[in-house]
Amino acid sequence: IHGEGVEKNLKKGVELIEMAAKQGNEQAIENLGILYIHGEGVEQNLKKGIELIEMAAKQGNKRAIENLEKIKEAYPELFSTNKNNNSNNN
């Protein structure tokens, strides 16, 4: 992504992180979440970014746990106590 040791290629970097995340790599999942939060290489999507970081945190990724706490402080409105608002069973 940042071109460390190779030419910078954000698109290719995102593709590789997405591949690793789909395989369940917790670090890649957390990294992809950060990209979504910042809108770096992907369209910014706070909700999706937080969901990914939460997923990595649930897998025990320490950095994801730390970042999740920072995000909760920065965006408390995104963490409602009633997450299951999609329970319309009509």
First locate atom [atom1] of [X], then atom [atom2] of [Y], and finally report the distance between them rounded to the nearest 0.5 Å.
X     : Y     : atom1 : atom2 : answer
Glu15 : Met19 : CD    : CE    : 8.5 Å
Ile71 : Ile50 : CD1   : CD1   : 5.5 Å
Leu46 : Leu78 : CG    : CG    : 6.0 Å
Asn9  : Leu16 : CG    : CG    : 8.5 Å

For this session: Please name the pair of heavy atoms, one in Phe79 and one in Glu54, separated by the smallest distance, quoted to 0.1 Å.
Result: CE2-OE2, 3.7 Å
Exercise. Got a sec, which pairs hit salt bridge (Lys or Arg N to Asp or Glu O under 4.0 Å) with one end in residues 19-34, sequence neighbours left out?
Worked result: Glu30-Arg63
Exercise. Going only through I, L, V, M, F, W and Y residues with side-chain contacts under 4.5 Å, is there a path from Leu68 to Ile65?
Worked result: no
For this session: For Ala21, enumerate each residue passing the side chain to side chain contact (heavy atoms under 4.5 Å, CB included) test, keeping only those at least two apart in sequence or located in another chain.
Result: Ala28, Ile29, Leu32
Exercise. Who are the side chain to side chain contact (heavy atoms under 4.5 Å, CB included) partners of Glu69, not counting sequence neighbours?
Worked result: Lys72
For this session: Might you work through the side chain to side chain contact (heavy atoms under 4.5 Å, CB included) test for Ile53 and Ile37, ending with a clear yes or no?
Result: CA-CA 10 Å; Ile53 294 170; Ile37 286 174; 3.4 Å; yes
